[in-house]
Amino acid sequence: MSAVPADLRIASGWRTALPAFLLLAAAILLLYRDTALVMTGIWWRSETFAHCLLVVPIVLWLVWRQRDRLADLTPGPQPWLLVPMLATALIWLLSDLILVDVASQFALVAMLLMAVPLVLGLEVASAILFPLLFLFFAVPFGEFVVPTMMHLTADFTVSALQISGVPVFREGQQFVIPSGNWSVIDECSGVRYLMASFMVGTLFAYLNYQSHGRRAAFMLFSLVMPVLANWLRAYMIVMLAHFSGNKLATGVDHIVYGWVFFGVIIFLMFLVGSRWSEPDPGPSGVQSSTKGSHSGQASAGRASPLFAWMLAGVFVAALPHIALFGVQRSESSASEAVIELPAQLGGGWSENGANIVSWAPIFINPSSEAAQAYAAPAGTVGLHIAYYRGQSDERKLVSSTNVLVPMRSDWNLMVGGPRGMTLGTQSITFSTAEILGKSQSATERRPHLVVWRVYWIDGQFVAGDVAAKIHGGLARLEGRGDEGAAIVLYADGDSVEASNGTLKAFVQDNLEPLNALLQKTRDAR
């Protein structure tokens with residue numbers, strides 16, 4: 001019997017392994033289609049993450065560039081990767097239960113990446129490691145830094161204006177100069193420039209450098225440069241408008257100038273980076289001899305065990321959906337939630353004579369929402385409760401779209417912090433903030449709200465978004481449903497200290513009645 005040529009054995013291995021991998025990838029995408037659709041939907045509708053549309057074509061092109069090297073390798077399954085794939089699938093399950101889209105999207109991409117070495121082997125995965133890791137740029141990630149970036153942009157712009165001799169009065173993200181009023185909003189944060197720059201900079205580093213040190217340095221440069229450039233852009237736009245009498249750099253010009261400036265910065269970044277570029281050494285003798293060295297592994301590409309491990313991968317990927325089906329089935333029978341606030345609460349707090357400035361937080365698509373003002377000798381407090389049942393991507397208790405003050409509002413949100421209270425044996429922490437309103441005339445008092453916020457989840461008062469997500473996920477896993485509420489208290493006293501005193505008195509008198517009211521709403525399902 002004559003020996004089968006190495007080239008033929010390698011080609012035969014790819015003819016069985018590649019279809020097995022494509023079937024596994026297709027099965028994962030089908031099982032996790034909801035996560036994938038949410039991710040791609042963000043690409044289409046968000047200007048911040050429009051660059052993600054280019055990720056998949058770039059990855060395919062980068063893999064195609066390695067086709068000759070891949071042709072010399074013999075694919076073979078690595079069954080032990082089922083263990084990290086199972087761990088990643090469980091991370092996806094937890095992320096889906098607590099409705100953290102970005103974590104579930106990272107888990108989906110990670111499972112797709114693990115499918116490569118699971119079916120094709122570690123050598124194949126190593127040969128295309130950068131294209132595989134580059135696929136993580138498809139996850140629309142980074143919005144959590146928007147508030148910080150806005151604050152830093154405002155800090156730099158105000159400081160630069162003061163150094164330039166322009167008088168500035170600042171409140172939060174808004175500031176006033178002699179020529180007009182300005183506000184740093186989400187579009188001014190620079191996050192869209194940062195994300196796009198980092199993706200393009202990473203690709204540039206991979207294609208132009210061979211040294212890992214130079215690649216890391218340029219990637220860091222592509223992170224720092226857009227941040228500094230955005231600060232300078234914001235300052236220049238304000239100064240241009242100031243000296244032109246607000247005829248330039250306002251309205252649509254504001255956005256156009258920003259993208260033009262960003263394009264110039266990217267060009268300069270590449271120009272600087274090209275000075276230290278390292279040419280591709282090209283194929284070496286060692287690489288070209290790979291064909292013979294791996295020919296003995298052709299048996300790893302046999303169809304029967306290969307497709308068996310592929311089916312095992314499909315089974316592992318399907319396990320979280322089996323568990324999720326059971327959770328969702330137990331929650332599907334719940335009725336619509338209805339919450340009603342009484343005319344009177346404990347401690348003599350009553351709606352009679354309770355007048356407070358007209359303001360309300362923004363909650364998207366709650367199951368039920370109620371607001372009422374209460375007065376007592378200690379002062380007047382506004383109470384707003386948003387109750388959530390049957391949460392989904394369109395209805396979330398904890399979400400970046402649920403805010404105290406929306407962008408482009410007459411209200412100005414000031415920085416707050418945590419505030420702890422001890423009631424008997426129970427310790428509760430509230431998130432606080434101050435909100436300034438606009439006065440209608442020079443003689444009219446300007447509203448100055450002090451706001452306390454807390455979540456109610458599974459019968460407990462919880463402070464902070466992360467803690468609320470964790471408590472909500474645990475409640476769902478233990479079969480107690482996904483219900484929760486956001487409680488917002490606010491007062492407009494003569495001073496911040498007076499408002500805090502009023503809110504403290506209200507909490508001391510009414511925390512238990514509010515807990516009983518929310519428990520009653522939950523039990524009514």
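In this chain, numbering begins with 1 at the start of the sequence shown. Reckoned from all heavy atoms, side chains included, excluding hydrogens, waters and symmetry mates.
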[X] side chain to [Y] backbone, donor-acceptor under 3.5 Å:
X: Arg389; Y: Ser367; answer: no
X: Arg395; Y: Asn365; answer: yes
X: Ser104; Y: Asp101; answer: yes
X: His448; Y: Ser495; answer: no
X: Asp482; Y: Gln391; answer: yes

- Query: Does Leu404 reach the side chain of Ile435, with side-chain heavy atoms less than 4.5 Å apart?
  - Reply: yes
Over all atoms of both residues, closest heavy-atom pair of Leu518 and Ala485
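Taking Leu518 first and Ala485 second, the nearest heavy atoms are CD2-CB, 3.9 Å.
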Residues which pass side-chain contact (heavy atoms from CB on, under 4.5 Å) with [X], listed by chain and number, not counting sequence neighbours:
X: Leu133; value: Leu113, Leu129, Phe136
X: Asn510; value: Leu345, Trp349, Phe506, Pro513
X: Gln344; value: Ser350

Q) Any idea how Phe137 and Phe198 line up, ring-wise: parallel (<30°), tilted (30 to 60°), or perpendicular (>60°)? A) perpendicular
Separation between CD1 (Ile487) and CH2 (Trp456), nearest 0.5 Å, reads 8.5 Å
Any residue meeting ring pair (Phe, Tyr, Trp, His ring centres under 6.0 Å) with Trp43, in chain and number order, not counting sequence neighbours: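 For Trp43 there are no ring pair (Phe, Tyr, Trp, His ring centres under 6.0 Å) partners, ignoring immediate neighbours.
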Across all chains, not counting sequence neighbours, the ring pair (Phe, Tyr, Trp, His ring centres under 6.0 Å) partners of His384 are Phe363
Would you give me the side-chain donor-acceptor pairs under 3.5 Å for residues 220-230, sequence neighbours excluded?
from   : atom 1 : to     : atom 2 : distance (Å)
Ser222 : OG     : Met219 : O      : 2.6
Asn230 : OD1    : Arg233 : NE     : 3.0
Asn230 : OD1    : Arg233 : NH2    : 2.9
Asn230 : ND2    : Thr153 : OG1    : 3.3
Asn230 : ND2    : Cys188 : O      : 3.0
Asn230 : ND2    : Ser189 : O      : 3.2

